[in-house]
Amino acid sequence: EKGGYEHFMLKEIHEQPRALRDTILGRLEEEKVVLQEVDLSSEQLSQMHKVYIVACGTAWHAGLVGKTLIERWAHLPVEVDIASEFRYRSPLIDEHTLVVVVSQSGETADTLAALREAKNRGARVIAITNVVGSTVSRDAHDVIYTWAGPEIAVASTKAYTTQLEGMVLLGLYLAQVKGTLPASKIGEIISDLKEIPAQVQEILDQESSIRQLAQSFVGVEDAFFLGRSLDWAVSMEGALKMKEISYIHAEAYAAGELKHGTLALVTEQTPVIALATQRDVFDKTVSNIKEVKARDAKVFGMTYKGNTSLAKSVDHVIYIPETRDELAPILTVIPLQLLAYYVSVARGCDVDKPRNLAKSVTVE
Ligand code: F6R
């Protein structure tokens with residue numbers, strides 16, 4: 001059932017090109033996104049003043065990426081909330097609010113409760129979920145299914161990357177209905193999106209280099225993940241993967257925020273993974289990388305193939321295929337998943353069933 005892989009997690013990491021292909025299948029025309037299960041007229045959408053994205057864990061991390069995409073493309077303000085916070089803080093939502101809940105299982109208790117709270121307050125609810133017929137899919141007004149297929153490993157991988165695609169599709173759809181992006185621009189993004197599954201495969205083909213790199217983390221107690229903008233959002237996911245399956249304390253930090261306290265923790269004992277794909281903040285990120293280098297941290301940078309400038313400021317560079325910044329998260333997370341996986345294996349941890357964790361959290 002593990003298809004020849006040692007763990008479900010590794011199998012699911014490798015299923016991502018297929019999962020990503022399936023999730024966009026039939027949803028992309030040349031300059032148009034088609035979401036069969038979402039039915040928002042431009043009239044209805046013009047009544048929406050705000051978007052809330054609500055989820056837990058990895059799905060919440062997908063929401064953090066979604067915020068930037070929706071704000072950038074559809075010009076709607078977006079708040080991203082953890083479901084267990086959202087539901088207890090009387091959020092300011094009404095019939096002018098679009099609520100997007102994200103849940104792989106579609107059964108997470110807090111996410112479900114948040115969905116119901118949002119509906120009670122009159123919001124329109126769109127679900128991004130992986131399980132057909134799940135409670136979340138039934139309770140939401142509209143659904144965008146991710147087609148990752150069953151995810152068995154506790155640590156989410158293919159569900160996250162397909163959720164990111166769900167966010168891209170939703171962002172483009174909202175922009176299309178609102179008319180905030182010209183069709184030609186939507187067409188350009190679509191053609192880049194179609195390249196993503198093969199680019200993920202390209203990264204997976206370099207797996208052995210990440211496996212080697214994992215050796216540097218085996219005896220480590222703490223690690224930092226840095227980035228700005230969308231790289232920061234992916235850093236959080238990378239740090240979570242590292243924590244949950246390898247039990248290394250990992251912290252994700254907005255690169256520019258480091259010097260406001262956290263830099264005190266950086267020493268030669270704390271490896272730093274620095275994502276530097278977002279072109280508009282690349283130079284700023286490099287300045288922050290120099291700050292951690294000055295504290296003797298070992299730095300592993302990540303950027304696009306062809307960007308030779310990062311190599312000067314870090315100890316090792318992981319290169320990903322070139323894409324537009326908004327799609328980079330789907331690529332940058334792949335080496336981070338593999339890293340967490342191989343560190344977990346090297347430390348002898350129970351990769352698929354980490355201690356204290358359950359696949360589906362149906363308690364509050
Ligand atoms: C982490 C992980 C969890 C889930 C979270 C939400 O790898 O898998 O953080 O993302 O429990 O689960 P769903 O998406 O099923 O609501």
Side-chain angles (χ1 to χ4, degrees), residues 13 202-243 245-279 281-322 325 328-329 331-347:
I13 287 173
E202 224 180 286
I203 299 171
L204 292 173
D205 292 342
Q206 315 277 309
E207 186 174 355
S208 59
S209 65
I210 303 289
R211 187 184 195 146
Q212 246 178 330
L213 202 141
Q215 299 314 313
S216 314
F217 288 77
V218 176
V220 152
E221 309 236 341
D222 308 277
F224 282 95
F225 289 71
L226 307 182
R228 286 174 180 253
S229 181
L230 292 176
D231 285 332
W232 177 34
V234 179
S235 295
M236 293 189 214
E237 177 59 9
L240 177 62
K241 290 293 94 109
M242 188 66 97
K243 282 183 274 203
I245 62 167
S246 78
Y247 315 147
I248 291 174
H249 165 236
E251 253 190 85
Y253 241 79
E257 185 67 6
L258 261 191
K259 52 179 158 301
H260 298 283
T262 309
L263 200 49
L265 290 173
V266 175
T267 66
E268 70 270 32
Q269 317 292 345
T270 43
V272 172
I273 293 150
L275 307 191
T277 66
Q278 301 297 299
R279 293 168 177 89
V281 287
F282 180 77
D283 293 341
K284 299 281 172 199
T285 307
V286 170
S287 312
N288 302 130
I289 290 173
K290 288 180 178 154
E291 291 164 3
V292 295
K293 268 313 299 167
R295 270 81 194 166
D296 296 324
K298 186 154 192 206
V299 183
F300 303 88
M302 200 190 304
T303 194
Y304 300 114
K305 229 173 254 172
N307 178 344
T308 50
S309 68
L310 187 64
K312 293 192 280 287
S313 318
V314 301
D315 297 282
H316 179 90
V317 189
I318 303 163
Y319 290 104
I320 59 159
E322 228 184 302
D325 291 358
L331 302 181
T332 50
V333 77
I334 309 291
L336 304 185
Q337 295 170 344
L338 287 167
L339 181 66
Y341 173 78
Y342 283 113
V343 174
S344 175
V345 170
R347 284 166 66 97

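For Lys290, the NZ atom counts as loosely surrounded, since its 6.0 Å shell holds 12 or fewer non-hydrogen atoms of other residues, nucleotides or ligands. Counted within 6.0 Å of CD on Glu221, heavy atoms from surrounding residues, nucleotides or ligands total 12 or fewer; the atom is thus considered open.
Residues satisfying the salt bridge (Lys or Arg N to Asp or Glu O under 4.0 Å) test with Lys284, not counting sequence neighbours, are none. Legend: residues meeting salt bridge (Lys or Arg N to Asp or Glu O under 4.0 Å) with Lys298, ordered by chain and number and at least two apart, are absent. Under the salt bridge (Lys or Arg N to Asp or Glu O under 4.0 Å) criterion, Arg279 pairs with Glu322, Asp325, sequence neighbours left out. Listed by chain and residue number, Phe217 satisfy the ring pair (Phe, Tyr, Trp, His ring centres under 6.0 Å) test with Phe300 (two or more places apart in sequence, or in another chain).
Among all heavy-atom pairs drawn from Phe282 and Thr303, the shortest one is CE1-OG1, 4.0 Å. Counting all heavy atoms, side chain and backbone alike, Asp315 lies closest to Ala297 at OD2-O, 3.8 Å.
Inter-residue side-chain proximity for Leu263 and Arg295 is flagged as met; some heavy-atom pair is nearer than 4.5 Å. Between Ile289 and Leu310, some side-chain heavy-atom pair lies under the 4.5 Å cut-off.
Between atom CG of residue Leu226 and atom CH2 of residue Trp232 there is a gap of 12.0 Å, rounded to the nearest 0.5 Å.
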Using residues 247-258 as the side-chain source, report each donor-acceptor pair under 3.5 Å to any protein atom, sequence neighbours left out, with the distance given to one decimal.
from	atom 1	to	atom 2	distance (Å)
Tyr247	OH	Arg355	N	2.9
His249	ND1	Asp222	OD1	2.6
Tyr253	OH	Thr262	OG1	2.8

Just list the side-chain donor-acceptor pairs under 3.5 Å for residues 335-346, sequence neighbours left out, or say none.
from	atom 1	to	atom 2	distance (Å)
Gln337	OE1	Gln16	NE2	2.8
Gln337	NE2	Gln16	OE1	3.3
Tyr341	OH	His7	ND1	2.7
Tyr342	OH	Glu207	OE2	2.4
Ser344	OG	Ile245	O	2.8

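Phe224 pairs with exactly one of Val292, Ile273, Leu265 by the side chain to side chain contact (heavy atoms under 4.5 Å, CB included) rule, that one being Leu265. Tested against Lys293 for a side chain to side chain contact (heavy atoms under 4.5 Å, CB included), the candidates Val266, Val299, Val272, Val314 yield a single pass: Val299.
Proximity of a side-chain donor or acceptor of Ser246 to a complementary backbone N or O of Met242 within less than 3.5 Å is detected.
Between the side chains of Asp231 and Ser229, no donor-acceptor pair of N or O atoms lies under 3.5 Å.
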